[in-house]
Amino acid sequence: KNEVEQSPQNLTAQEGEFITINCSYSVGISALHWLQQHPGGGIVSLFMLSSGKKKHGRLIATINIQEKHSSLHITASHPRDSAVYICAVSYGQNFVFGPGTRLSVLP
Amino acid sequence: DVKVTQSSRYLVKRTGEKVFLECVQDMDHENMFWYRQDPGLGLRLIYFSYDVKMKEKGDIPEGYSVSREKKERFSLILESASTNQTSMYLCASSLRGAGYGYTFGSGTRLTVV
């Protein structure tokens, strides 16, 4: 079974700071997903990656297949970025979630 | 916009009641999933379905059953609700091959009293 780990578990930042959340997994995958969940809310898919790097607004996701590692970066963070960020990996028909990183961005 | 719709946002039920949680997707996805999310435990897979009338147990199927009579609808059934089933329930769907088009519903927060 694929083990998915995230770090840090909790993160508090000041508005405007550059933020990095890390994800590592143990078994080869077909794709890696970054998901966002606001308090009390549903889950939104931010990125699906199988190689390289993707950018959407202030969010950047990278993946290193050889090292089985991905990072999610948030530039110029804002209080509305406060959420739980979840890394998930898919392989075959399986989909495994990391434990999530709780981010709080203070004004 | 593609959508996975869960019928209730909040639900309060009594112990012993039979509870139905409904999920509908409009994307013609083959795969549908039910998860529960609890603090400190993350998302855990209850059941999933690859096609109409097909179902597979996930990691924590005890106390639950599912029904998929039509491609777009996947129902989670709590046969006799118990307080330890108080949780956030999330439905998701994807194209065949779990990596593609994975979309979540907005969740149902169920409280069993």
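First the proteins, then the strands, lettered A, B, ... as listed; each starts at 1.
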Item checked: Which portion of A/Ile29 sits near chain B, non-hydrogen atoms under 4.5 angstrom -> neither

Check: Which atoms of A/Gln37 come close to chain B, meaning under 4.5 Å heavy atom to heavy atom: side chain ones, backbone ones, both, or neither?
Finding: side chain

Item checked: Side chain / backbone / both / neither for B/Gln37 at chain A, heavy atoms under 4.5 Å -> side chain

Note to self: Once salt bridge (charged side-chain N to carboxylate O under 4.0 Å, His left out) is applied, what residue pairs with a partner in residues 55-83 of chain A remain, sequence neighbours excluded?
What the structure shows: A/Arg58-A/Asp81

Notebook entry, point to check: Can you list every pair that meets salt bridge (charged side-chain N to carboxylate O under 4.0 Å, His left out) and has a residue in residues 36-47 of chain B, with sequence neighbours left out?
Noted result: B/Arg36-B/Asp38, B/Asp38-B/Arg44

Note to self: Please evaluate residues A/His73 and A/Phe18 with respect to the criterion ring pair (Phe, Tyr, Trp, His ring centres under 6.0 Å), reporting the C-alpha separation (whole Å), side-chain torsions for both, the decisive distance (0.1 Å), and the verdict.
What the structure shows: CA-CA 7 Å; A/His73 306 285; A/Phe18 181 85; 5.4 Å; yes

Note to self: Using 0.5 Å steps for rounding, measure from the CD atom of B/Glu69 to the CZ atom of B/Phe74.
What the structure shows: 11.5 Å

Check: Where on A/Leu32 is there a heavy atom nearer than 4.5 Å to chain B: the side chain, the backbone, both, or neither?
Finding: neither

